[in-house]
Amino acid sequence: MSGERATLALRVVPPAVLGFGRGRRLIERNLLVARRTWWVPLSGIAEPVFYLLSIGIGIGKLVTSIPGPHHSLIPYAPYVAPALLASSAMNGAVYECTFNVYFKLKYAKIYDAVLATPMGAADVARGEVVYAMLRGTAYAAIFVVMMAALGDIRSAWAVFALPAAVMIGLAFSAVGMAATTYMRGWTDFDMVQLALLPMFLFSTTFYPLSTYPRWLQVVVELTPLYHGVSLTRSLTLGYVGVGDVGHAAYLVAMGAVGLAVASRRIRTLLLR
Amino acid sequence: MATPPALRATQYFLLAYRRTWRASIMSTFVSPLLYLLAMGVGLGSFVNKGGGAASLGHMGYLQFVAPGLAAANAATAAAGESTFPVMGGIKWTRTYFAMLATPLRVVDVLAGHLTWIGARVAMAVAPYLIVMAAFGVTPSPEAAAVLPAGILVGMAFSTPLVAFAATQDNDGSFSLVFRLGMIPLFLFSGVFFPVSVLPVGLRVIAYATPLWHGVELCRLLTLGRLGAASAAVHAGYLVALAVVGAVIASRTYTRRLRT
Amino acid sequence: MPGEPLIYGRGLVKQFGTVRAVDSIDFAVERGEAFGFLGPNGAGKSSTMRMIACVSPRTSGDLSVLGLDPDRDGARIRGRIGVVPQEDSLDLELTVRENLYVYGRYFDLPRSELRPRIEQLLRFAQLTERGDDRVEPLSGGMKRRLTIARSLINEPELLLLDEPTTGLDPQARHALWDRLYRLKSQGVTLVLTTHYMDEAEQLCDRLVVMDRGTVAAEGSPQGLIGRYCTREVVELRFGPGESERHADKVADIPERIEVLPDRLLLYTDQGDATVEAVQRRALAPVSVLVRRATLEDVFLRLTGRQLVD
Ligand SMILES: Nc1ncnc2c1ncn2[C@@H]1O[C@H](COP(=O)(O)OP(=O)(O)O)[C@@H](O)[C@H]1O
Ligand SMILES: [Mg+2]
């Protein structure tokens, strides 16, 4: 049976993550589809990896060192790499939960069929969010290996960078899915770009918060990617502190709120 | 006076754009500005302090990066306009076939679309000129020539890509063109750092890419340092690419549209 | 509980904003029967079906499905019924076989159980040869059969079919009816909606005639025809817009007369005698036809309008 290979991935993922009832059936469906065009999502990892290389062999030559956490001075590549890790987890999750979910919601009508079975709106939301998290985590895993190969990992804490990427994936896929339920057409997706690009460029990805005037620092500190970047940076550079618990809590809370809104919206949209 | 045939095709794209222009504001106007602020100003403050100043020949990083981004944005806009809309004209909206049902010929359709792409590229480059002037990084009057130079860069990307797009059955390969083509070009063709810092093997590849020639052309123009020899090399390369692309495109269009 | 209906609705209402799609209807479906909702587009059939399928909460009234309350036990009910929605909702990114597999997994069915059942359903839907093909290029009739096969993956005791044959050519319709007879003979309770009177007559043991959100009549096809119509109908066809003019000249002949723009329908128990009487009046219609009364005539009688226009 063709489904069996696809579901193997499900069995090796910790059941704790997936212990959420029937939502995982939707993941099984998505894996079955992805099997045929696996190179499309996989090629999405290329972008952050190219950035990593470009920083390492190019821009890193122009910026000799940069102020890191706790008044340290860090070479440029290890400083930027964890931020690129965070944003690749964000991108993987967001693209899955916006474009792909919108297509399934409005055009392919996948969820209309799903909801005719014992599955409910919350199962749909959880299934899609966890699937997007898996995609974001897969990107992050490849990226962490690249970082290690290029010598951009400077602490054993980095083993927790992957769980951190899972949290980033959760936060962004849940909120992305909730936002998608409000989209009225493809042109609304420019709003996704409008949210992602400034976050990518300004959430202390390329240089520290102290570069900005105070008011702008406050704005940056409110963005979710800032918390993701700070968390992964603490871990791969080895400057872990209590603040990181706050970053993690922010991401998990954002994921929980996003999930709740997404479930409710799917219900109002499809179970009229 | 009658409108030339190709421009009648261009008019269609203009009309379609009037319905969707809002969507392209983000890609052609907002994102350039954000890149310029984040890289030119933000990252620039560290480059200017660090080891970068020497390898940039002691010019400010914003000065260095702005014309590079202008050229890169021209290339990106051209690539976007030369892939999905071509597939649309052939398959989704079948606009090309609607045009061919009128007295327009295949070459008119192609020329009309390329003209429109040129206009879109101009729209993508112009904001950079304005922002660069506002930031005071356009010391030379020749900087105004970045606009035609940008359009040339755009055409050098556009003609080979429309030629390629017309051979495709679906849009699956386009995301690979961007992820494996445009993004590495954007990151390694001298936009963000001089290619002289690259290892020698990569440097040779960078010199061969059209974007590097476009970046150099625009950068030398803004600095007022474009000599006749480098103008001939950079512009010549881009013109040659655009012409060869156009010749191939007229073939692939004819093969695809004459059914 | 023996004797309790499988589905039971009383005073059932569905309101969308200002539109009252279903306006207080009563009905009961018994186990093992084929029950129909017959009515024109917009009558409220799909809205009713969606409430029964537990994908649309009722606005007010009572509804019980398999003895359970859809508001409370939606997931449990959905686990025991099969649904064929008005619009096919097949997964176009999957193959025929994968569609059945994935849908079965939504019901939490184990792989080992699904494997033989999928092959059996492919045979039932006459799709075994297309099992590994994508769904997209299949014909409308094949897609409909696949949707029905899919709805049977959980071996439901109750099957809901919303306009199962709308949009299919006559041959595909008959093939599909044949599959539905077989299901009924296996004891599956069928509930279907249709705006085709022939489909209702062929398939339904009992039906309700719906119009503008309300139930206009209820009974077996033959019972309804007997109650609301004569045995036969004489159709006199005239040129466009001319029928009205001739109506008065023959109105006294049949029991009842209906005037349509291009036709007069004369309701009578003796078709041939009526035709002779009409011919004596020298009207010269374009054509004359004697036929048996149908549910179409019942609907016309009840609402003054035609089912399909
Ligand atoms: N989701 C909805 N929102 C608003 N109005 C609806 C919705 N679904 C159905 N309606 C309206 O309810 C009425 C009954 O529709 P429906 O139940 O689909 O009828 P039928 O299936 O008999 O054609 C129609 O007027 C239709 O426009
Ligand atoms: Mg309907």
Side-chain angles (χ1 to χ4, degrees), chain A residues 1-8 10-11 18 20-38 40-41 99-101 103-124 126-128 131 263-264 266-272, chain C residues 14-17 21 47 49-51 53-57 59 70 73-95 97-109 111-112 114-115 118-119 131-132 134 136 147 150-151 153-154 156 160 162:
Chain A
M1 189 72 234
S2 49
E4 282 175 26
R5 226 171 321 134
T7 53
L8 186 68
L10 273 184
R11 283 184 235 163
L18 303 177
F20 53 85
R22 297 175 191 269
R24 90 188 94 128
R25 302 296 176 219
L26 202 53
I27 302 179
E28 198 174 334
R29 180 258 166 208
N30 289 346
L31 287 172
L32 211 51
V33 174
R35 212 167 34 106
R36 245 186 298 274
T37 54
W38 54 269
V40 175
F99 292 97
N100 290 357
V101 164
F103 178 76
K104 288 188 243 181
L105 184 67
K106 292 283 161 78
Y107 292 90
K109 306 270 181 204
I110 300 296
Y111 309 132
D112 292 76
V114 170
L115 292 174
T117 73
M119 308 240 297
D123 297 319
V124 169
R126 278 185 295 227
E128 290 294 3
Y131 180 71
S263 311
R264 224 198 46 226
I266 300 255
R267 198 168 296 128
T268 32
L269 282 181
L270 297 180
L271 299 177
R272 283 171 306 189
Chain C
K14 181 73 202 185
Q15 180 103 24
F16 294 107
S47 302
M49 289 294 255
R50 285 170 42 84
M51 286 191 281
C54 311
V55 290
S56 170
T59 307
D73 294 311
R76 258 174 76 199
I77 296 170
R78 293 197 301 268
R80 288 167 56 190
I81 65 176
V83 177
V84 176
Q86 183 168 349
E87 305 278 337
D88 282 326
S89 58
L90 295 166
D91 199 325
L92 299 184
E93 292 180 277
L94 298 173
T95 65
R97 200 175 253 111
E98 287 168 346
N99 259 280
L100 297 174
Y101 173 78
V102 165
Y103 202 73
R105 297 293 283 164
Y106 293 157
F107 285 87
D108 245 344
L109 298 172
R111 266 176 282 271
S112 57
L114 276 174
R115 210 166 305 150
I118 286 170
E119 296 313 311
D132 292 318
R134 297 293 279 284
E136 183 108 61
T147 301
R150 190 183 70 171
S151 74
I153 196 80
N154 57 331
L160 307 177
D162 196 357

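This structure is a prediction, so every number in the text was calculated from the model and none was measured. By convention in this document, chain letters (A, B, ...) are assigned in the order of the sequence lines, proteins followed by strands, and residues within each chain are numbered from 1.
Counting all heavy atoms, side chain and backbone alike, C/Tyr106 lies closest to A/Arg22 at O-NH1, 3.6 Å.
By the 4.5 Å heavy-atom criterion applied to side chains, A/Lys109 and C/Leu92 are not counted as neighbours. Taking the side chain as every heavy atom from C-beta outward, A/Ile110 and C/Asp91 approach each other to under 4.5 Å. Counting only heavy atoms from C-beta outward, the side chains of C/Val102 and A/Glu28 never approach each other to under 4.5 Å. Looking at heavy atoms from C-beta onward, A/Arg29 lies out of side-chain contact with C/Arg105 at the 4.5 angstrom threshold.
Residues satisfying the side-chain contact (heavy atoms from CB on, under 4.5 Å) test with A/Arg272, not counting sequence neighbours, are C/Phe16, C/Arg50.
In this structure, C/Glu119 places its CD atom where more than 12 heavy-atom neighbours from other residues, nucleotides or ligands lie under 6.0 Å away. Counting non-hydrogen atoms of neighbouring residues, nucleotides and ligands closer than 6.0 angstrom, the CZ atom of C/Arg134 exceeds 12 such neighbours.
The structure places CG of A/Leu32 at 7.5 Å from OG1 of C/Thr95, a figure rounded to the nearest 0.5 Å. Atom CZ in A/Arg35 sits 9.0 Å away from atom CG in C/Leu94 (nearest 0.5 Å).
Neither the backbone nor the side chain of C/Arg80 comes within contact range of chain A; no heavy atoms are under 4.5 Å apart. Contacts of A/Arg267 with chain C are absent, with no heavy-atom separation under 4.5 Å from either backbone or side chain.
Top candidate by heavy-atom pairs under 4.5 Å with chain A, chosen from C/Gly82, C/Ser151, C/Ser47, C/Ser56, is C/Ser56. Note: C/Pro57 leads C/Cys54, C/Pro57, C/Gly74, C/Ala53 in heavy-atom pairs under 4.5 Å with chain A.
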For residues 111-120 of chain A, dump all side-chain donor-acceptor pairs below 3.5 Å to protein atoms at least two apart in sequence or in another chain.
residue	atom	partner	partner atom	Å
A/Tyr111	OH	A/Glu128	OE2	2.7
A/Thr117	OG1	A/Val114	O	2.6
A/Thr117	OG1	A/Met119	N	3.2

